[in-house]
A.B. asks: 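Got a structure for you, questions after.
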Amino acid sequence: MAKTPKNPDSAARPAGSLSPADLAGADMGGETPAKASPIPADASISQSYAEPQGQGGETRQVAEGDVATLTTQQGIPVADDQNSLKQGARGPTLLEDFHFREKIFHFDHERIPERVVHARGYGAHGYFELTDSLADVSRADILQRVGERTPAFVRFSTVAGSKGSFDLARDVRGFAVKLYTKEGNWDIVGNNIPVFFIQDAIKFPDVVHAAKPEPDRMFPQAQTAHDNFWDFISLTPESFHMIMWTMSDRAIPRSYRTMEGFGVHTFRLIDAQGKSTFVKFHWKPKQGLQSVVWNEAVKINGADPDFHRRDLWDAINGGDFPEWELGVQLFDDDFADSFDFDVLDATKIIPEELVPIRVIGRLVLDRVVDNFFAETEQVAFCTQNVPPGIDFSNDPLLQGRNFSYLDTQIKRLGGPNFTHIPINAPKCPMAHFQQDGHMAMRNPKGRVNYEPNSWGPTQGGPREDPVRGFTSYAEQADGPKQRVRSESFADHYSQARQFYMSQTPIEQKHIGDALVFELSKVERPDIRSRTVSHLLNIDAMLAATVANGLGLAMPDAAVAARKTITDLPNSDKLSIVKNGPDSFKGRKLGILVSDGSDADLINALVAAVDSEGAVFEIVAPKIGGVTLSDGTWLAARHKIDGGPSVLFDAVAVVVSEEGAALLSTDAAAKDFVTDAFAHCKFIGISAQAQALFAKAGIADDLDEACLPLATPDDATAFITACRTLRYWPRELMVDLDANPAA
Ligand code: HDD
C-alpha cells in the first residue's frame, strides 16, 4: 500500500478540524486511518469546520512507517473525510462531491444476499494430510501420497437462522470443506448429522420454508419450535430419523471443534481402470464429541450469541488447532444389494459396526481468516465440485444439490465469475475458454477463445486430456421416465429407532425433553398429536414420555409404509456420551474470585489447567480484577454479570469469606453457581465459598461432582475429575421432566 503524503497544514487547523494524517498520528495501531474525529460541541469550533478543506496543502513523501493516505477507490487522495462538500457552511450538499457519492454508493452496496440456508457461519483455513493412501480404490490425486498436505477451507454453520442469529440454536450444523487439490477444488458439503430430513431434492424448498420463520410474522428466528415446522414434519414420515438426531444433543454442540462431520450421501471412488467403489465420508473430531444442555444453550445465546465463533477463533489463535480424522466407509454393489436399506437414501446411515471406518487422513484448522466477508461470506461451496477419481451416486438428494449450489452462487455472488474470488479460486493451474461476464478478473490473453482451433500448441490454448480429465462413471441407467419414490426408500422408522435405542439413558431423556419443548411451542394440538403418532412407530416409551410431557391423550400410531424393524443392533458410535473426550484439554474453566481469594489455590488451579492443556477465565465482582490473599493483583476477564457459568465447561469458586458474603447478595453470582449445578458441571468449591452455595439454596444438594478445594493439592484432583465433562446423575435431581409422576 502506498505510504501517505502528510498534510502539512494540519498543525494550523483549529481543534476539531483534524486531517486524516492528524488522526493517524494518534497511533491507531494499524494501517487504517482513524474513521472519526470528536464532534465539536461549541459553535466556534463548528465554525472552523466551514473552512475549505484540503486546499493549499502541498503533499510530500514521508518516511517509511507513516500511515497510508486515504484515497477514493479511484486512487484520488482524500483531504477531508469528515465533511461533505457544501455550498456554504449551512448550504446544500453538492452533487459534485465525488468522494461522498462514491463512499455512500459503496456503503449502500456492502451487503450481498445472505445464504438462503446456512446463512450464519464461521470459517477457518487449514490443511488436509493424507495418512493412508486410497490409491487402491481411487485415482484422485489428493488420495495418493501419504504425508502430502492439501490446503483446505472449512465453513461451519447453522441452517435455519439468519446471518445475525445466535450460535446455540437447536439446529443441524453445516460442515463444509473445500479442498484445493492439484486437480481442482473438491467440496465436501456436509453436516454434523449423517442423514437428512428428505429423500428427494424437490422437497428442499418445503422443508426449508417450514423451518424458517413463518412468512406472515417473520418469527420465530433460528428455531424449529413452531407450528409450520412440525406440521411439515408430521406429514413427512421420512424425516423422523433426522428428527431423532436434531432433537438429540447433536443439535446443540459445545463447539464446532467437538462435532462430527458427514458427507451424508453415498459417493463413488473411481480407480484408474474406471472401477467404482461406494464411499461415505466421515470427519471424526480429535477433541471428542461434546454438547451443551438445552437450558444452557438458551442462556449462552443471551450471554454470548457468538459462542461458537469465539471458541474457534480463540482456539486457533491460541495455537490449539482443531483436528478431525477423515474416515471412509467403503463398500461395493454386493453390500449395497444386501443392506436392509437403500444406500441412495439420504435418510439412512450405514452403521460403522457393519462397514467399519477406514481413517485415511487428518484435517487441521490452523489459521483464522483475514477478512470475514472476503473469505467466510464469499466462499462458495458446490457439491458438484469433485476431482477425477470421485463421482456421484444416484442419490436423488445429491443429484438435486448438484444443480442448486451453482445456481445459488450466481444469485449470491452476482455473476458467473465467482471462481475469480481468491477464496473460491483453485490453487492449481486453470485453462479454459470461458470469458467475460461481471467482474471478470482473470482474462485470457491472445487471439483464440474457442476450440477446436488450428492455431497450434502455443497459440491455440488448452486441449482436452482424455487420460487426466474427469470421466463420469459409466453407470448403466434404464427405465421409464416417471416421478416416483423407490420402494426401497419406504422404511422411515427402523433407523430412527436404532438411533434412539443406541443412546445412553440421559441422551434418551434429552431427546424426549427436546420433543416436549418443541411441541409445547406448537399451538395446534392436532400437530402435536400427529407427531406423537409417528413416535409410536419408533419407541412406545418415547411416545409415552412425550405424550405425558405434553399432557396429551395417546393417539393411534401413524400408518407406516413399512413396519419398523425392532431388532437392529445398537451402535455405540451414535452416542455422544460414549464418544466423548478423555481429557479436559481444549476446554474452559471459569474461576469465580473475590478480593482475598486464596492465592496458592488459584495458582495451583491455573497450573493444573495448564498441564491439562485447558484454558481458564477469571470472573470477578469488578472487571478491574481482585487482590489475592498474598497481595498480588489478578486481572479479570469478566465482570460477574457478563461471565455466567454457561460460558464454561466447569467452574471453580475460590472466594474469601468477605467475597462470599458480598457475592451472596448478588443475583448473578447466585445464578453462576445454581446454573453450573443445574447443568451438571463439575464444580470446585473453596471452604469459604460454601456460604455462597448456601445463599443460592443448593448447599444441601451438593454431590460428588462438587469437589472441595481445601488445599492447593486438591486442584489437580478437581481438574482430573473435569475430564468426565458432566455429572449426569444430578440431572435427575434437578429436572421436573425426570419425574414420570409429574
Ligand atoms: Fe445444502 C448450503 C449442506 C441439502 C441447497 N448446504 C449448504 C451448506 C451446507 C449444506 C453445509 C452451507 C455451505 C457454506 O458454508 O457455504 N445441504 C447440505 C446437506 C444436505 C443439503 C448436508 C443434505 C444431505 N442443500 C440441500 C438440498 C439443496 C440444498 C437438497 C437443494 C436442492 N444448500 C443449498 C443451497 C445452499 C446450501 C441453497 C445455500 C447457500 C449455498 O448453497 O451456497 O444451494
Side-chain angles (χ1 to χ4, degrees), residues 165-170 222 249 252-255 258 290-315 584 587-594 597 602 605 609 614-626 634-655 659-660 662-686 689-699 701-702 705-707 709 718 722 725-727 730-731 734-735:
S165 56
F166 37 84
D167 279 349
L168 257 296
R170 173 177 294 284
D249 294 343
I252 41 173
R254 154 67 177 84
S255 159
T258 59
Q290 191 191 340
S291 287
V292 299
V293 296
W294 177 239
N295 181 272
E296 190 183 9
V298 169
K299 291 172 179 170
I300 290 173
N301 284 332
D304 184 4
D306 307 304
F307 188 71
H308 284 158
R309 292 184 167 193
R310 197 184 306 281
D311 172 87
L312 192 67
W313 178 267
D314 286 349
F584 197 54
R587 289 169 168 77
K588 196 182 282 181
L589 178 72
I591 311 178
L592 178 58
V593 298
S594 68
S597 288
I602 302 276
L605 266 178
V609 165
V615 292
F616 70 93
E617 283 175 1
I618 298 292
V619 183
K622 290 189 179 156
I623 197 65
V626 294
L634 182 66
R637 175 74 170 75
H638 304 276
K639 172 169 162 36
I640 177 71
D641 326 45
S645 60
V646 294
L647 301 181
F648 310 110
D649 296 287
V651 297
V653 185
V654 184
V655 291
L662 179 77
L663 289 170
S664 293
T665 63
D666 183 51
K670 284 186 274 192
D671 284 351
F672 187 93
V673 295
T674 52
D675 271 350
F677 187 75
H679 301 148
C680 305
K681 289 179 180 169
F682 281 80
I683 307 176
I685 309 174
S686 72
Q690 290 285 349
L692 175 60
F693 289 80
K695 273 282 185 193
I698 52 172
D701 302 326
L702 299 183
C706 302
L707 283 87
L709 293 172
F718 170 62
C722 290
L725 298 181
R726 299 290 164 110
Y727 180 69
R730 192 188 298 151
E731 187 170 310
V734 297
D735 184 5

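One is the number of the first residue; the rest follow in order along the sequence.
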A.B. asks: Does any part of the side chain of Leu692, heavy atoms only, come nearer than 4.5 Å to the side chain of Val655, both counted from C-beta?
C.D. replies: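 Side-chain contact under 4.5 Å: no.
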A.B. asks: Using a 4.5 Å cut-off on heavy atoms from C-beta on, say whether the side chain of Leu605 contacts that of Phe616.
C.D. replies: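 Side-chain contact under 4.5 Å: no.
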A.B. asks: Under 4.0 Å between a side-chain nitrogen and a carboxylate oxygen: does that hold for Glu296 and Lys681?
C.D. replies: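 So Glu296 pairs with Lys681 through a salt bridge.
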A.B. asks: Excluding sequence neighbours, so at least two apart, what forms side chain to side chain contact (heavy atoms under 4.5 Å, CB included) with Ile640?
C.D. replies: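 Partners of Ile640 under the side chain to side chain contact (heavy atoms under 4.5 Å, CB included) test: Leu592, Val619, Asp666, Ala668, Ala669, Phe672.
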A.B. asks: Salt bridge check, Arg730 against Asp701: does any charged N sit closer than 4.0 Å to a carboxylate O?
C.D. replies: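 No, Asp701 and Arg730 are not salt-bridged.
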A.B. asks: Which value, rounded to the nearest 0.5 Å, describes the distance between Ile683 atom CD1 and Tyr727 atom OH?
C.D. replies: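 Interatomic distance, Ile683 CD1 to Tyr727 OH, rounded to 0.5 Å: 12.0 Å.
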A.B. asks: Roughly how far apart are Ile623 CD1 and Arg637 CZ, rounded to 0.5 Å?
C.D. replies: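 If we round to the nearest 0.5 Å, Ile623:CD1 and Arg637:CZ are 8.0 Å apart.
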A.B. asks: Grab the two heavy atoms, one from Ala636 and one from Ala620, that are nearest each other, plus how far apart they are.
C.D. replies: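 Closest approach of Ala636 to Ala620: CB-CB, 3.7 Å.
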A.B. asks: If I take atom CG from residue Asp306 and atom CD1 from residue Ile300, how far apart are they, to the nearest 0.5 angstrom?
C.D. replies: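 If we round to the nearest 0.5 Å, Asp306:CG and Ile300:CD1 are 12.0 Å apart.
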A.B. asks: Is the backbone N or O of Arg309 less than 3.5 Å from a side-chain atom of Asp167, with the two atoms forming a donor-acceptor pair by type?
C.D. replies: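 Answer holds: yes.
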A.B. asks: Within the supplied structure, the quantity of interest is the number of heavy atoms (other residues, nucleotides, ligands) at a distance under 6.0 Å from Lys695 NZ; does it exceed 12?
C.D. replies: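 Not buried by this count: 12 neighbours or fewer within 6.0 Å.
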A.B. asks: Contact between His638 and Leu647 at the side-chain level, heavy atoms closer than 4.5 Å - yes or no?
C.D. replies: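 In short, these two side chains touch, coming nearer than 4.5 Å.
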A.B. asks: Hey, could you give me the CD1/CZ distance between Ile252 and Arg170, rounded to the nearest 0.5 Å?
C.D. replies: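 With rounding to 0.5 Å, CD1 (Ile252) is 5.0 Å from CZ (Arg170).
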